[in-house]
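Only one structure is covered here, and it is reproduced in the block below.
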Amino acid sequence: MGEDLLSQRFVNVTMELYEDLQNKCHMEKVPLNKAIEDLDDDIRMLYIALGGMMVGLIIATSFFLFATRRLHRKVARERKAYHDLLATIKTNRKFDDDAV
């Protein structure tokens, strides 16, 4: 059902775009072929920009994951040091209790 709505929406948007293009050509006295070529160029530029944004997103995600992994390792080291310290304290308490 959602696919039917999506395909119908695509058809509606395409028809609106074509009608708007025809109206623009009629008002500006531009041939329809020229307007379609301009639209094609605009779509290509948007595609290139979108590709650049995707590459940027991938790079940003990589940096985020790298920083997160380093932070996770640091937390693991701190946790291990904390547990080692607790074990040392418990061991020292045992010796203190045995001495008394």
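These numbers come from a predicted model, not from an experiment.
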Can you tell me how far [atom2] of [Y] sits from [atom1] of [X], rounded to the nearest 0.5 angstrom?
X     : Y     : atom1 : atom2 : value
Arg44 : Asp42 : CZ    : CG    : 11.0 Å
Met15 : Glu19 : CE    : CD    : 5.5 Å
Lys90 : Leu86 : NZ    : CG    : 6.5 Å
Ile48 : Met53 : CD1   : CE    : 11.5 Å
Leu71 : Glu78 : CG    : CD    : 10.5 Å

Look at the side-chain heavy atoms of Ile, Leu, Val, Met, Phe, Trp and Tyr, link any pair under 4.5 Å apart, and say whether [X] and [Y] land in one connected group.
X     : Y     : result
Leu17 : Ile36 : yes
Phe64 : Val55 : no
Leu21 : Ile43 : yes
Tyr18 : Leu39 : yes

key: Flag side-chain contact, heavy atom, 4.5 Å: His83 against Arg79   =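 His83 reaches Arg79 side chain to side chain.
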key: For Arg73, all residues meeting side-chain hydrogen bond (donor to acceptor under 3.5 Å, both in side chains), sequence neighbours excluded   =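 Testing Arg73 for side-chain hydrogen bond (donor to acceptor under 3.5 Å, both in side chains), a comparison that skips the adjacent residues, returns none.
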request  = Could I get the full list of side-chain hydrogen bond (donor to acceptor under 3.5 Å, both in side chains) partners for Lys34, not counting sequence neighbours?
outcome  =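 Testing Lys34 for side-chain hydrogen bond (donor to acceptor under 3.5 Å, both in side chains), a comparison that skips the adjacent residues, returns Asp38.
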For Ile89, the option from Leu85, Thr91, Asn92 that meets side chain to side chain contact (heavy atoms under 4.5 Å, CB included) =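 Between Ile89 and the candidates, side chain to side chain contact (heavy atoms under 4.5 Å, CB included) is satisfied uniquely by Leu85.
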message = Please enumerate all residues that pass salt bridge (charged side-chain N to carboxylate O under 4.0 Å, His left out) together with Asp84, with sequence neighbours excluded.
response =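 Result, salt bridge (charged side-chain N to carboxylate O under 4.0 Å, His left out) vs Asp84: Lys80.
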task = With side-chain hydrogen bond (donor to acceptor under 3.5 Å, both in side chains) as the test, would you mind laying out the steps for Asn12 and Gln8 before giving the verdict?
result = CA-CA 6 Å; Asn12 291 343; Gln8 184 60 40; 3.0 Å; yes
ask   = Of the non-hydrogen atoms in Ala35 and Cys25, which two are nearest, and what is the gap between them?
value =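 Closest approach of Ala35 to Cys25, heavy atoms only: CB-SG, 3.3 Å.
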